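One structure is given below, encoded as structure tokens.
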Amino acid sequence: MQKNTRQETYKIVKTRPPKRQDELNFSINSGVFTCSECEKEFEKPWLLKRHSKVHHISNQMATNTVLDEPEQAELIVENTIPDANAFDYSSDEDDSSSIGDEEDNIVDEENDIVDNFFDIEMNSNPVFNAFSDMFSSAAAADEVSMTDDDSEIPEEVFETIGAVNDPTSCYPFRDLQTMILFAFIDGDNDMISQQMLKKILLAMNLIIKIQQETPIGRTFKLPRLDALLNYQARKKSKMPVFPSQRISVPGSNGNAFAHINLPSDHLRFLMANPKKSKLISSMPDRTPNQSICLEQDVWFGNIVYLKTNDCSIRFLVESFHTANKNIFARGLTRLSPAHDFLLFGVHPMKKPMPLSVLPGNVDRDAVFYKVRIVSIILFTDDTSGNRSKQYNPFESWLMRCAALPFKDRNSIANIQFLSTIPKKDGANGMSLLPAIVDDFKKLEKGVKMFSAEDNEYVLVVAPILWIEADTPCHSELCGLLGPATTFPCRRCYIELRRAKDFVKDLSYFCECHERRTREHYVLANSSPGRDTEIPNTPKIGINTPANKISFRDRSTGRLLELQSFDPEKDTPVEILHTILLGVAKYMVIDLVKVVLKNDTATIARLSEFLTDYTRSTGLSRKFTRNLRHSGSFLGRDFKVLLQILPVILITEFSGNHELDLVIPCFVELGRLCSLVFVRQVTSDFDNYIIRVDNAVKRLIRALFDYNKGTKNELHKAYCTKPKVHYLTHLKEDIIRFGPALNYETEKGEQFNKHIREHLFHTNRQNTSRDVCLKFAKQVALQHVIDGGSWINSSGNREKSGTGIERFIKDNNESLFYYTFFGSSRELKDNNDTGDIEDDAVQNNSFGAFVFKDDPISRPRIGLVSGSVVKFLSIVPRTDNDRNNNYAKAVMTGEHSDVANMNLVCKLDLHIFRNPFYIVNLSKFGSYWFIFNNILFDE
């Protein structure tokens, strides 16, 4: 918080004798403030007001004396207690040059008036006085040095309230506390969410419990409001403080200022957190022919002791592998203590690390440190500071640790906020890159941090694994023009033009083209005008100036200073914007507004089948949108629609000449989506890559045939769309980073709502600082609650007391974290991949089952019917079945008790054509599961 340097000015009012009995007059000046009733002196006017309110005004008002308006005006001292929200967000200057509506900066003067009711009736209540003292103490937060003394609530207060809480006298309320809470919720126009009300009630219950359990002789206290809101600026506070950094960013009107929570500072907290330290540092999984996780948690090359009776047996690790969810190591075991000198002893061939190579922050007296690799995923996106999401644009940066398991990596608790900045006056999210790059340059060399897992200082090396963003932002990060340019691809030099005379054959859109390499990006960045000639582009033997093949100065060239970042490889194809908001959106709008534009009967019939599909138990989400509003569909809408639309079109609309050309496009799109929307590939990964690549080529072929065959003048060619071309590079990213869900941006997009909410609660004067401070406080508090350690003001490492952990465990730990630490607002998983984690077996649902006593047996398709599972078998598929991406299943007459079966994958067999159940292979995850576990003979 910046110190308030404004000087208060007070109007001098001449006092005169009271006209009425018990009337009070105040004399206010810039020196001492004296109570006219008891002549007690105070240094601040708000102290005088609180004294008078508690000790004198109630006697006067109890006589129901009526005051004339002019005289009453002299009795009312201007309220100097600022709004509680102002402590986090007030400022005198606009460091971030934020955008805000003028009405947001208007102060509601009515909020400054103290309601006489509370002045009259509540001042004698000890509970009210304790809370009033706590909140009133915030008034001088910026004027006087506050102490850390707590406000007391005497024990007899609660006994007094309980004595008058007679249920028979509270009708129609159950009791007085119910009446108070009703008044709190519905008493006026102040809004409160259900979630916030749950937080308040739980906090009240816990605080009352603590008060009731306070031992005799000890005083129950509540902290001052200032100690809660501004602890980071108070010297006596013992809480750890996350050090948000103030940086200068270039703008069109000169340099502005922004604030950032640096990645290295996040890592210091994470490494010192005992619950997260082990999870964030891992090494790549070397298991052949599968892709389950991004990383594992042990280094290859380590020498470890085996957990056997013979403690002398040691193991030299070569690589790590997984099977049946277990991790195995491959290496050498014949290492005896006699060979210690080969590994740990002094030898002429061994040389210590030169001090000149060590990072500057490493202690020179301790040359040898354990090294922990913490790969980082960055995400950047734009959002809005308005509820309409249309104006007041901001751009933000987030980070995640790649080594976390898939579910944890996508949890709100493990998404670290870096910064947000208003997009105006030439400043945007890319203006933050210099600070981010400088920090990562240090992390690439290694930064000494305390590790809770190792209980010692280690060297943390944190390279960037990849950067997630939408397609235009990826182009900007790579220093390229937008997707509408002639050479839009950040991977290769394919030429894409939308002119009618741009005619190419199918192979042109499916084949590989000359690559944009990192060397090309470095060459282009070497000249401000981007006029350096790039060799062998776009064809072998041709040198082309960089600015002729879409290279532009986008102020992002500093990313090339990082050894870990390659613009060509580390900006993976993002399936949310490329497939769902790209190809899928093109095709659905084409279907509704081009192919069926005047065919209202077919659209109505199609809508009926979509509505009927809401009864399906195979999908966790239902499609309830109107097709005519397809232009405003979100990614989650397309995720549901693409799983059911292909099978509906095939089974219900085959033979419709208007749809003959467009149906194959949806079929191939459904096949591709079912393949790529999977969390992991447990086996036959090489075959999975081949199937994904073939699915992409089949989709491009269907789009090419549609473009070539349609006669509709409203139709636009799709093969020349950059998002369609990017799918040809999807295979490369899956080989490098695993299944495409690892780098889908949906969770980052969902996190934007929390950034917006923080923006709503600022005064729009210094948004970058205010939002950074709020997220920094969340990080610090979570760190304390998790038992992490930190360096105190004396330079010593300390951690939270054991009583915190014990109290949380004794008071419904899951509810505590669920309510207070974001679990109740967890990011929604809209992918419906068929993974079985928290889903119970539902009646009348289909799935793949295995016997509990034989978990490695071949899965069988079954229908849950009451307490039994009725089995089905897939009949041999015809060429038509294969081309249309579905299978047929029939009942076998066999069944087994549900209690004997484990559900391993949810399936969709909603459509029934007697005697066949149609296995919908467009459901996410179904295509690969069926072929890898049931139809692997095909």
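Given the structure is predicted, the values throughout are model-derived calculations rather than measurements.
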Next item on the list: With Y688 as reference, evaluate Y927, W928, F929 under the ring-ring contact (aromatic ring centres under 6.0 Å, His included) test and give the passing residue.
Entry: W928

Item checked: Atom pair OG1 (T578) and CG (D470), whose distance is rounded to the nearest 0.5 Å -> 9.5 Å

Margin query: Using the ring centroid of each side chain, check whether Y586 and Y706 are separated by less than 6.0 Å.
Written below: no

Checklist line | Separation between CD1 of I549 and CD of E533, rounded to the nearest 0.5 Å | finding: 10.0 Å

Checklist line | Distance (rounded to the nearest 0.5 Å) between I589 CD1 and M587 CE | finding: 11.0 Å

Notebook entry, point to check: Shortest non-hydrogen contact from V588 to S630?
Noted result: CG1-CB, 3.7 Å

Check: Which residues satisfy the salt bridge (Lys or Arg N to Asp or Glu O under 4.0 Å) test with E395, sequence neighbours excluded?
Finding: K423

Check: Above 12 or not: heavy atoms from other molecules or residues under 6.0 Å from CD of Q563?
Finding: no

Notebook entry, point to check: Looking at F704 versus Y508, is the centre-to-centre ring distance below 6.0 Å?
Noted result: no

Check: Considering the options R516, R518, R515, which one meets the salt bridge (charged side-chain N to carboxylate O under 4.0 Å, His left out) requirement together with E568?
Finding: R515

Checklist line | Matching residue for H577 among K585, E749, K723 - test: side-chain hydrogen bond (donor to acceptor under 3.5 Å, both in side chains) | finding: E749

Check: Quick check: are there more than 12 heavy atoms from other residues, nucleotides or ligands sitting under 6.0 Å from NZ of K753?
Finding: yes

Next item on the list: Return yes if some donor-acceptor pair links the side-chain N/O of S411 with the main-chain N/O of K407 below 3.5 Å, else return no.
Entry: no

Checklist line | Over all atoms of both residues, closest heavy-atom pair of F406 and R679 | finding: CE2-NE, 3.5 Å

Checklist line | Shortest non-hydrogen contact between G446 and V461, atoms and distance | finding: CA-CG2, 4.0 Å

Item checked: R554 CZ to C473 SG distance, which is reported to the nearest 0.5 Å -> 9.0 Å

Margin query: Does the Lys NZ or Arg CZ of K639 fall within the cation-pi geometry relative to F677 - under 6.0 Å from the ring centre and within 45° of the axis?
Written below: no

Margin query: Using side-chain heavy atoms (C-beta onward) and a distance below 4.5 Å, is L418 in contact with P263?
Written below: yes

Notebook entry, point to check: Hey, are E668 and R671 close enough for a salt bridge, meaning a charged N less than 4.0 Å from a carboxylate O?
Noted result: yes

Notebook entry, point to check: Are D705 and R701 ion-paired here, with the side-chain N under 4.0 Å from a carboxylate O?
Noted result: no

Notebook entry, point to check: Is R400 close to N414 at the side-chain level, that is, under 4.5 Å between some pair of heavy atoms?
Noted result: no

Check: With a 4.5 Å limit on heavy-atom distance, are the side chains of D381 and N752 in contact?
Finding: yes

Check: Between D590 and K716, is there a side-chain N and carboxylate O pair less than 4.0 Å apart?
Finding: no

Notebook entry, point to check: Near R621 CZ, under 6.0 Å, is it more than 12 heavy atoms from other residues, nucleotides or ligands?
Noted result: yes

Next item on the list: Write out all pairs satisfying salt bridge (charged side-chain N to carboxylate O under 4.0 Å, His left out) with one or both partners inside residues 487-496, taking only residues at least two apart or from two chains.
Entry: R491-E732, R491-D733, E495-R497

Margin query: To check you understand the geometry: which heavy-atom pair defines the closest contact between G479 and T556, and what is its length?
Written below: N-OG1, 3.6 Å

Next item on the list: Might you point out which heavy atoms bring C489 and Y726 nearest each other, and give the distance in Å?
Entry: CA-OH, 3.6 Å

Item checked: CG-CG distance between L619 and N920, expressed to the nearest 0.5 angstrom -> 7.5 Å

Next item on the list: Over all heavy atoms of both residues, which pair between C401 and I376 is shortest? Give the atoms and the distance, please.
Entry: SG-CD1, 4.2 Å

